[in-house]
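First up is the structure itself, then whatever we jot down about it.
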Amino acid sequence: MSAQTNPTNPTAATPLRNEIEAMPDWLRRRGIGKASELSQVQRIIKQRQIHTICEEGRCPNRGECYGNKTATFLLMGPTCTRSCGFCQVDKGHAPMPLDPQEPQKVAEAVQLLGLRYVVLTSVARDDLADGGAGWFVATMNAIRDRTPDTQIEVLTADFWGGQGAQLECLQRERIATVVAAKPACYNHNIETVRRLQGRVRRGAKFERSLAVLRIVKELDSRIPTKSGLMLGHGETQDEIIEAMAELRVVDCDRLTLGQYMRPSLEHLPVQKYWTPEEFEELGALARDMGFSHVRSGPLVRSSYHAGEEG
């Protein structure tokens, strides 16, 4: 570990500490919920050696979500095959083999926690033949076998990985696998505006992400689709509005807008802290554009209040 990233080196920690101290008051992390609720979830997750993006991503809303009987599970291990510049999830080395018991372990955790609404997401697994599409379905089936009334939202990668000239066909086949399992909502985040995709989302493309949402609607128009942006990478309001308009062109139904907060010095720096008033304005614009479900605020994340329809 270099001196720059060593958390025990007080000199190395100074820039990030200064950045945290400069954070606006509205981003100061709220209390994250009852200690008993947090410890119960963390114990059940740890005992089964499964992962949640709530914990891996250090989500500021996890206590609130746990209290509302919702959680977001991170499938296929904690290591991503891509290296996005904003993301807290582990990356940079080979992902772990799939745990054949993971679908059942997640289903058991859902049952024990009494979850009413579950979001299934994953690291990008470009090393797998189907990108992990079948794993989403296996986990959905396992949950439904134990708790058939639990609603399941999926938040997938773009399913673009692989070799050869037929990647568009492969992408569609993988999405079709997940769509056929009929999730309550299909989420895929564009994360940032078109101009900043290359810097923020290494390995992803704006058009590929729009294609995911378009293909879902082509395959089953009844499934609500959802996407989100993390603001603060240097985008302008006009660019945000343009991105929202492009999402509506592919019939994206739901939208989340939240503030990017730098996890470490190895991640991209924050270019701007958008104010709560600016988030309110953007949220109102999104509703006027026809999004049926909008969550817009500094601490909003893609699964925030996911089980609510309005």
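Along the sequence shown, residues are numbered consecutively beginning with 1. Please read all numbers here as calculations on a predicted model, not as lab measurements.
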Query raised in the report: Can you find a pair of side-chain heavy atoms, one from Arg301 and one from Met230, that are under 4.5 Å apart?
Result: yes
Requested in this report: Write down the atom of Gly234, the atom of Leu196, and the distance for their closest heavy-atom approach.
Outcome: C-CD1, 3.9 Å
Query raised in the report: Are any side-chain N or O atoms of Ser296 and backbone N or O atoms of Phe279, one a donor and one an acceptor, separated by less than 3.5 Å?
Result: yes
Query - Pairing residues for Thr147 by the side-chain hydrogen bond (donor to acceptor under 3.5 Å, both in side chains) criterion, not counting sequence neighbours - result: Thr150
**Report entry** Nearest heavy-atom neighbours spanning Pro183 and Val178
**Finding:** CD-O, 3.5 Å
Query - From CD1 (Ile143) to CG (Leu115), nearest 0.5 Å - result: 8.5 Å
Requested in this report: Can you tell me which residue pairs pass the salt bridge (charged side-chain N to carboxylate O under 4.0 Å, His left out) test with a partner in residues 267-284, sequence neighbours excluded?
Outcome: Lys272-Glu278
Query raised in the report: Can you check whether Leu247 reaches Leu210 side chain to side chain, under 4.5 Å on heavy atoms?
Result: yes
Query raised in the report: Of all heavy-atom pairs between Pro224 and Ala184, which one has the smallest distance, and what is that distance?
Result: CD-O, 3.3 Å
Report task. Could you list all the salt bridge (charged side-chain N to carboxylate O under 4.0 Å, His left out) pairs where at least one residue sits in residues 214-224, not counting sequence neighbours? Result -> Arg172-Glu218, Lys182-Asp220, Arg214-Glu218, Lys217-Asp253, Asp220-Arg222
Query raised in the report: Which value, rounded to the nearest 0.5 Å, describes the distance between Ile44 atom CD1 and Glu108 atom CD?
Result: 9.0 Å
**Report entry** Check: Arg248 side chain, Cys252 main-chain N or O, donor-acceptor pair, under 3.5 Å
**Finding:** yes
Report summary line: On a heavy-atom basis, the closest approach of Asn189 and Ser302 is ND2-CB, 3.3 Å
Query raised in the report: Arg174 side chain to Ala129 main-chain N or O, any donor-acceptor pair under 3.5 Å?
Result: yes
Query raised in the report: For the atom pair CD1 (Ile223) and SG (Cys185), what is the distance rounded to the nearest 0.5 Å?
Result: 9.0 Å
Query raised in the report: Would you say the side chain of Leu155 lies within less than 4.5 Å of the side chain of Leu120, judging by non-hydrogen atoms?
Result: no
Query - Side-chain heavy atoms of Leu167 within contact of Leu170, under 4.5 Å - result: yes
Query raised in the report: Is there a donor-acceptor pair under 3.5 Å between the side chain of Arg125 and the backbone N or O of Met76?
Result: yes
Just list the side-chain donor-acceptor pairs under 3.5 Å for residues 132-141, sequence neighbours left out, or say none.
residue : atom : partner : partner atom : Å
Trp135  : NE1  : Glu102  : OE1          : 2.6
Thr139  : OG1  : Trp135  : O            : 2.8
Asn141  : ND2  : Val137  : O            : 3.4

Query raised in the report: Do the non-hydrogen side-chain atoms of Leu213 and Asp251 ever get within less than 4.5 Å of each other?
Result: no
Query - Leu27 CG to Trp274 CH2 distance, which is reported to the nearest 0.5 Å - result: 13.5 Å
Query raised in the report: Are Ile241 and Leu285 close enough, and set up right, to give a side chain to side chain contact (heavy atoms under 4.5 Å, CB included), and what steps lead you there?
Result: CA-CA 8 Å; Ile241 294 170; Leu285 287 170; 3.8 Å; yes
Query raised in the report: What residue pairs, at least two apart or across chains, pass salt bridge (charged side-chain N to carboxylate O under 4.0 Å, His left out) with a residue in residues 138-150?
Result: none
Query raised in the report: Rounded to the nearest 0.5 Å, what separation is found between the CD1 atom of Ile175 and the OG1 atom of Thr156?
Result: 6.5 Å
**Report entry** Results of side chain to side chain contact (heavy atoms under 4.5 Å, CB included) for Ser209 - residues two or more places apart only
**Finding:** His188, Ile190, Arg201
Query raised in the report: Under the salt bridge (charged side-chain N to carboxylate O under 4.0 Å, His left out) rule, what pairs show up with a residue in residues 229-242, not counting sequence neighbours?
Result: Arg195-Glu239
Requested in this report: Report yes if the side chains of Leu75 and Thr121 come closer than 4.5 Å at any heavy-atom pair, otherwise no.
Outcome: no
Query raised in the report: Hey, does the side chain of Glu191 reach the backbone of Val200 with a donor-acceptor pair shorter than 3.5 angstrom?
Result: no
Query raised in the report: How close do Gln259 and Leu231 get, heavy atom to heavy atom, and via which atoms?
Result: NE2-O, 3.2 Å
Query - Within-4.5 Å side-chain heavy-atom neighbours: Glu153 and Val118 - result: no
Query raised in the report: Just by modelled atom types, is the Asp158 backbone N or O under 3.5 Å from a matching donor or acceptor in the Gln171 side chain?
Result: yes
Query - Residues which pass side chain to side chain contact (heavy atoms under 4.5 Å, CB included) with Lys205, listed by chain and number, not counting sequence neighbours - result: Arg208
Report task. Check whether any side-chain heavy atom of Phe291 lies under 4.5 Å from a side-chain heavy atom of Arg254, and answer yes or no. Result -> no
Report task. Over all heavy atoms of both residues, which pair between Tyr186 and Phe159 is shortest? Give the atoms and the distance, please. Result -> OH-CE1, 3.4 Å
Query raised in the report: Where the side chain of Tyr260 meets the backbone of Leu268, is there a donor-acceptor pair that is under 3.5 Å apart?
Result: yes
Requested in this report: Kindly compute the distance separating CZ (Arg48) from CD (Gln104), expressed to the nearest 0.5 Å.
Outcome: 12.0 Å
Report task. Begin with the C-alpha distance, continue with both residues' side-chain angles, and end with the deciding distance and a verdict on side chain to side chain contact (heavy atoms under 4.5 Å, CB included) for Leu74 and Ile50. Result -> CA-CA 8 Å; Leu74 182 68; Ile50 54 180; over 6 Å; no
